[in-house]
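Worksheet for the structure shown next.
All values derive from a computational prediction rather than experimental measurement.
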Amino acid sequence: PWLTEFDRLDAHAALDYLVSRSDVEPRRIVVYGVSRGGGAALILAADRPREIGAVVTDGAYPVSGALARLVRRFMAGYTKLAWYLKLFPD
């Protein structure tokens, strides 16, 4: 899977640390992630929406199926997909 349980637990641990601090207002916390980290940010926000004020992602793929669909759509004109389709069938 694209996002592992370890990634999810790391994100939760970081948020746990922030909300434990007396100088941090939970609704002012913004989580940011790029690519796989973007997926972790989205999952964290879905798991704990009351503690996050905003989410910013760039290229987030929360599940491998979403990535597979995008690769099929945009790479078909540039490469042969036979090798990829064997790895990730529908």
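Nearest heavy atoms, Ala41 versus Thr57: CB-CG2, 4.3 Å. What you find for Ala45 and Ile52 is that their closest heavy atoms are CA-CD1, 3.6 Å.
Side-chain contact between Ile29 and Val19 is present, with heavy atoms from C-beta onward closer than 4.5 Å.
Taking CG from Leu44 and CG from Asp7, the interatomic distance works out to 12.0 Å, rounded to the nearest 0.5 Å. If you take CG on Leu18 and CZ on Arg28, they are separated by 13.5 Å, rounding to the nearest 0.5 Å.
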Apply side chain to side chain contact (heavy atoms under 4.5 Å, CB included) to Arg48 and Asp16, showing your working.
-> CA-CA 10 Å; Arg48 297 170 67 178; Asp16 289 341; 2.8 Å; yes
Using the side chain to side chain contact (heavy atoms under 4.5 Å, CB included) rule, take Arg36 and Thr4 through it: C-alpha gap first, then chi angles, then the decisive distance, then the call.
-> CA-CA 10 Å; Arg36 186 174 177 166; Thr4 68; 3.1 Å; yes
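Cluster partners of Val56, using a side-chain heavy-atom cutoff of under 4.5 Å among ILVMFWY residues and allowing indirect links, are Val30, Tyr32, Val34.
With sequence neighbours excluded, no residue satisfies salt bridge (charged side-chain N to carboxylate O under 4.0 Å, His left out) with Arg50. Asp10 pairs by the salt bridge (charged side-chain N to carboxylate O under 4.0 Å, His left out) definition with nothing, not counting sequence neighbours.
In terms of hydrophobic clustering, with Ile, Leu, Val, Met, Phe, Trp and Tyr side chains grouped at heavy-atom distances under 4.5 Å, Phe6 and Ile43 are assigned to different clusters.
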